[in-house]
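Heads up, the thing below is written out as structure tokens.
Since this is a predicted model, take the numbers as computed values, not measurements. Scope of the values below: all heavy atoms of this structure, side chains included, with no hydrogens, waters or symmetry mates.
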Number of protein chains: 2
Amino acid sequence: MSEMARQTVTESELLDRALDLFRCYGFEGVSLSRLSAATGLEKASLYYRYPGGKEELANAAVGRVIEWFQANVFDMLKTDLPPRERVLVVVEKLREFYVDGAKPCVIDVLSLPGGGNELAASLKLATEAWLVSFAGLSMAAGLSEEEARLRAEDAVALIEGSLVIARATGETGAFRRTLHRLPAFLTERDQL
Amino acid sequence: MSEMARQTVTESELLDRALDLFRCYGFEGVSLSRLSAATGLEKASLYYRYPGGKEELANAAVGRVIEWFQANVFDMLKTDLPPRERVLVVVEKLREFYVDGAKPCVIDVLSLPGGGNELAASLKLATEAWLVSFAGLSMAAGLSEEEARLRAEDAVALIEGSLVIARATGETGAFRRTLHRLPAFLTERDQL
DNA sequence: GTCTATATTAAGATAGAC
DNA sequence: GTCTATCTTAATATAGAC
């Protein structure tokens, strides 16, 4: 272990800070200089860890956030708790992730062109997994497969859209209301 | 009139092409070289018309699209047609503007940081005008002021969010379904 | 009013010392 | 593994001819 040089920032700290930049400024809006400033590592050191540069860093950061969603949202919605209980837990996780509407959605901001094919493919997969996950919960709550899919699309759209409204206007009310309704919206009939 | 030099591209053509770049690639994703290629004007000529450079061009392009929304959406929703008829017209205008879900929303893409204060302020005003406009229509259809405001927020969020889903996944079904439901959604009770 | 040519700055990226 | 220093390219922006 004596050869193990102490890293100035851990891998997870580095990716957390990179993700925060990418989700707020977009792929094109983040430069290696800003990444260097945010992580405390010089550009050359970032290239040492991520030879593919900004694109590889963004892919790694997005990979981490997808893992987080897998554990805290997708898998959580498949536990054996009652459906409504599962959603209540997920709502709190989402509230935390989006900081009550103050932070943008990674899918939204990073799905603009510029991030490369791998990034686009990851976000596409993650979005579809999110829809499938919400739909699965709705089916567990008793909705038909068709109803569940539509409900899932509406729920994800309401979250994404209310975050857009929050970024454009500074008002997070719509987002917070969307989260508050999410349990009923995904589990009860006659919603939309 | 003999001194009036024929412009290679008209002002409106130029701004239309600029807007198409900005809404698809974001402010940071559009360079003057791309604007030059898309408009057929050299960079120096773009600076002649817009001394403020990319930022002034984006502001002008967004100003035009806001005028379009004012005429085709906000004002249209205040005509003396029956409320449902008004929405049907607006739905077709929105379908056209978003090319059936294939083109992103200007508010979404250009509200990322980088576009400057004036752009951010324009988008904020436009978003609030959109919400007020939808809410006014819902009130004309008989909903209470409070109900109408919530319905408007949900409608705009569903549009924005379904466009995000479309960009991330390539599937425009959610967006087209949102437009299809919009008349009932804005005018009838018991929707959400 | 548009062009060519160029200045200036910042970006992405690498070499090599420690 | 991180640094300083540097390369290369592309971006914003301007000068001056036509």
Side-chain angles (χ1 to χ4, degrees), chain A residues 1-19 21-22 24-62 109-110 112-119, chain B residues 1-19 21-22 24-62 109-110 112-119:
Chain A
M1 284 297 187
S2 61
E3 299 297 344
M4 180 103 156
R6 52 253 158 282
Q7 294 186 329
T8 38
V9 274
T10 67
E11 203 68 353
S12 71
E13 280 172 343
L14 193 162
L15 292 179
D16 282 350
R17 293 175 195 183
L19 181 75
L21 285 180
F22 282 125
C24 289
Y25 298 100
F27 184 83
E28 307 263 21
V30 175
S31 67
L32 285 166
S33 300
R34 294 188 73 153
L35 286 163
S36 170
T39 59
L41 280 183
E42 290 302 319
K43 286 187 282 184
S45 304
L46 292 173
Y47 275 104
Y48 177 82
R49 296 207 196 181
Y50 300 91
K54 189 167 76 160
E55 192 168 325
E56 186 177 345
L57 235 169
N59 286 337
V62 166
V109 173
L110 287 183
L112 290 187
N117 294 336
E118 187 176 331
L119 182 58
Chain B
M1 285 296 190
S2 62
E3 298 299 345
M4 181 101 156
R6 52 253 158 279
Q7 294 188 329
T8 38
V9 275
T10 67
E11 203 68 353
S12 71
E13 281 171 343
L14 192 161
L15 292 179
D16 281 350
R17 294 175 195 182
L19 180 74
L21 285 179
F22 282 125
C24 290
Y25 298 99
F27 184 83
E28 307 263 20
V30 175
S31 67
L32 285 166
S33 300
R34 296 187 72 152
L35 286 163
S36 170
T39 60
L41 280 183
E42 289 301 320
K43 287 185 282 184
S45 304
L46 292 173
Y47 275 104
Y48 177 81
R49 297 207 196 181
Y50 301 91
K54 188 167 79 161
E55 191 167 326
E56 186 178 345
L57 235 170
N59 286 336
V62 166
V109 174
L110 287 183
L112 290 187
N117 294 336
E118 187 177 331
L119 182 58

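- Separation of atoms NZ (A/Lys54) and NZ (A/Lys43) is listed at 12.0 Å; rounding is to 0.5 Å.
- Closest approach to the A/Glu42 side chain among C/dT2, D/dT2, D/dC3 is made by D/dC3 (side chain taken as heavy atoms from C-beta onward).
- Between B/Leu21 and B/Ala38, the closest heavy-atom pair is CD1-CB, 3.7 Å.
- When heavy atoms are screened at a 4.0 angstrom cut-off, A/Ser31 is found touching the sugar-phosphate backbone but no base atom.
- For the pair B/Val62 and B/Phe22, the minimum side-chain heavy-atom distance is 4.5 Å or more.
- Note on B/Val9: nothing from the nucleic acid sits closer than 4.0 angstrom, heavy atoms only.
- For A/Arg34 and C/dA10, the shortest distance from a side-chain N or O to OP1 or OP2 is not below 4.0 Å.
- The stretch residues 12-19 of chain A has no heavy atom under 4.0 angstrom from DNA chain C at all.
- Between its two ends, the helix from C/dG1-D/dC18 to C/dC18-D/dG1 turns its axis by 0°, counting five pairs per end and rounding to 10 degrees.
- The line from CZ of A/Phe27 to CG of B/Leu112 is 14.0 Å long, rounded to the nearest 0.5 Å.
- Rounded to whole Å, the distance from CG on B/Leu57 to P on D/dT12 is 11 Å.
- Here the straight-line distance linking atom CZ of B/Arg34 with atom CZ of B/Arg17 works out to 15.0 Å at 0.5 Å rounding.
- Residues that satisfy the side-chain contact (heavy atoms from CB on, under 4.5 Å) test with B/Leu41, not counting sequence neighbours, are B/Thr8, B/Val9, B/Leu14, B/Thr39, B/Ser45, B/Leu46, B/Arg49.
- The distance from atom OH of B/Tyr50 to atom P of D/dA13 is 16 Å, rounded to the nearest whole Å.
- To the nearest 0.5 angstrom, A/Glu56 atom CD is 7.5 Å from A/Asn59 atom CG.
- The side-chain contact (heavy atoms from CB on, under 4.5 Å) check on A/Leu19 picks up A/Ala61, A/Val65, A/Val106, with sequence neighbours excluded.
- The distance between atom CD of A/Glu28 and atom P of C/dA10, rounded to the nearest whole Å, is 18 Å.
- Atoms CG (A/Leu41) and P (D/dT4) sit 12 Å apart, rounded to a whole Å.
- For OH of B/Tyr50, the number of neighbouring non-hydrogen atoms (other residues, nucleotides, ligands) closer than 6.0 Å is greater than 12.
- Comparing C/dT2, D/dT2, C/dA11 by their nearest atom to the side chain of A/Ser33 picks out C/dA11.
- In terms of phosphate contacts, B/Thr8 brings a side-chain nitrogen or oxygen within less than 4.0 Å of OP1 or OP2 of C/dT2.
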Show each protein N/O and nucleotides 13-15 of chain C N/O combination with a separation under 3.5 Å, one pair to a line.
unit_1	atom_1	unit_2	atom_2	d
C/dA13	OP2	A/Tyr47	OH	2.9
C/dA13	O5'	A/Tyr47	OH	3.2

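- Between A/Ala60 and A/Leu15, the shortest heavy-atom contact is CB-CD2, 3.8 Å.
- Heavy atoms of other residues, nucleotides or ligands lying less than 6.0 angstrom from CD of A/Glu55 number more than 12.
- If you measure from atom CG of B/Leu46 to atom C1' of C/dC3, you get 12 Å, rounded to the nearest angstrom.
- Take B/Glu42 and apply the salt bridge (charged side-chain N to carboxylate O under 4.0 Å, His left out) test, not counting sequence neighbours, and it matches no residue.
- Residue A/Ser45 has a polar side-chain atom (N or O) positioned under 4.0 Å from OP1 or OP2 of D/dC3.
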